[in-house]
J.: 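Next up is a structure, given as structure tokens.
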Amino acid sequence: MLRIDFVTLFPEMVLEAVDHSMLARAKESGAVQFGAVNPREFTHDKHRTVDDNPFGGGPGMLMKCEPVAAAIDSLFPDENTAVVMTDPTGTPFTQALAHELASRPRIIFVCGHYEGIDDRIRTLYATHTVSIGDFVLTGGELPALVMADAVTRLQPGVLGCSESLEVDSHADGLLSAPQFTRPEEFRGEAVPDVLRSGDHGAISDWRRRQSLRVTRAHRPDLFWSSELTARDVKLLGALDS
Ligand code: ADE
């Protein structure tokens, strides 16, 4: 069982999102529990202030330390808890990191807002500071939900068919091949013959070749970190002929 908590100024936003589709099923089956705490609940002033101006000047507001720290403390993180800060300056989220987080018993996602969070929260609490891509969102809730989704589907029993994990894009470092279901022809577009041939060797070659083709077209950078076999090199060569 995995417990995921969100530290967020918008708890309804994340708790509503986990009440649908696979995340809701994961919750119902007991594979994952979700919770959320709001730093605003841990303020003591009349205006329930959670933000302040940055030292040194600059535009926008920062989330203050005390309410965020008190919200994290209320969850009693221990040495096995991953405390993940969402931040566009973080390390990129990858399938490998999803696997690492999925092996923890507890994850706390700390969702930034405004121009970010006072950096002492990162120093004092974060085990990971993670970005979901080279773009800037208005808050950390969507990045946290993206990561929670990727981690939830890796929990045992959450996907109906665990083989799905093996054919995922990124599972072996490459993007996966295109897939088709019925009908065999749609608006003049036919399903590739080989997929209907029943020839498992030919299907496997076709899928690997497509995987290499899509990766070369969309994400050639992935070739740098994946080990291509002699068969792959041959299949790639066949793409050009
Ligand atoms: N907060 C704002 N933009 C973000 C991003 N790209 N990744 C993670 N957290 C963010």
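Counting convention: from 1, in listed order, for ligands and their atoms alike.
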J.: Less than 4.0 Å between a side-chain N and a carboxylate O, is that true for Arg3 and Asp5?
T.: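 Yes.
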J.: Please state which protein non-hydrogen atom is closest to atom 7 (N) of ligand 1 and give its distance, to 0.1 Å?
T.: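 Its nearest protein heavy-atom neighbour is Ile132 N, 3.0 Å.
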J.: With the side chain counted from C-beta on, respond yes when His99 and Leu97 share a heavy-atom pair under 4.5 Å apart, and no when they do not.
T.: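 Result no, sub-4.5 Å side-chain heavy-atom pair not found.
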J.: Heavy-atom contacts under 4.0 Å between Pro143 and ligand 1: side chain, backbone, both, or neither?
T.: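 Side chain only.
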J.: Answer yes or no: does an N/O atom from Phe135 fall short of 3.5 Å to an N/O atom of ligand 1?
T.: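 Yes, at least one N or O pair falls under 3.5 Å.
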J.: Just jot down the ligand 1 atoms closer than 4.0 angstrom to any heavy atom of Val136, in number order.
T.: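 Checking each atom against Val136, I get 3 (N).
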J.: Decide, yes or no, whether a salt bridge links Arg208 with Asp232 under the criterion of side-chain N to carboxylate O below 4.0 Å.
T.: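 Answer for the salt bridge query: yes.
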J.: Taking only non-hydrogen atoms of Gly133, do any sit less than 4.0 angstrom from ligand 1?
T.: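 It does; at least one heavy atom falls under 4.0 Å.
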J.: Is there side-chain contact between Val32 and Val18, with heavy atoms separated by less than 4.5 Å?
T.: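 No, side chains not in contact.
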J.: Is Thr138 in polar range of ligand 1, meaning some N or O pair under 3.5 Å apart?
T.: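 Checking ligand 1 against Thr138, no N or O pair falls under 3.5 Å apart.
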J.: Hydrophobic clustering (ILVMFWY, side-chain heavy atoms < 4.5 Å, transitive) - are Leu236 and Leu222 grouped together?
T.: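 No, Leu222 does not connect to Leu236 through the hydrophobic network.
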J.: To the nearest 0.1 Å, how far is atom 9 (N) of ligand 1 from its closest protein heavy atom, and which atom is that?
T.: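 Nearest protein contact, heavy atoms only, for atom 9 (N) of ligand 1 is Asp87 N, 3.1 Å.
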J.: To the nearest 0.1 Å, how far is atom 10 (C) of ligand 1 from its closest protein heavy atom, and which atom is that?
T.: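 Result for atom 10 (C) of ligand 1: Pro88 CD, 3.6 Å.
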J.: Is Gly140 close to ligand 1, meaning an N/O of one under 3.5 Å from an N/O of the other?
T.: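 There is no such contact.
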J.: Check the orientation of Phe34 and Phe6. Use parallel for under 30°, tilted for 30 to 60°, and perpendicular for over 60°.
T.: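 Answer is parallel, since the angle falls under 30°.
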J.: Please determine if Arg122 and Asp87 form a salt bridge, counting it only when a charged side-chain N lies under 4.0 Å from a carboxylate O.
T.: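 Salt bridge absent between Arg122 and Asp87.
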J.: I'd like to know if Val130 contacts ligand 1, where contact means a heavy-atom distance under 4.0 Å to any ligand atom.
T.: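 For ligand 1, residue contact (heavy atoms, under 4.0 Å) with Val130 is present.
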J.: Is Asp45 salt-bridged to Arg48, cutoff N-O under 4.0 Å?
T.: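 The answer is no: the pair does not qualify as a salt bridge.
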J.: Of the protein's non-hydrogen atoms, which lies at the shortest distance from atom 3 (N) of ligand 1, and what is that distance?
T.: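 Looking at atom 3 (N) of ligand 1, the protein heavy atom closest to it is Leu137 N, 3.0 Å.
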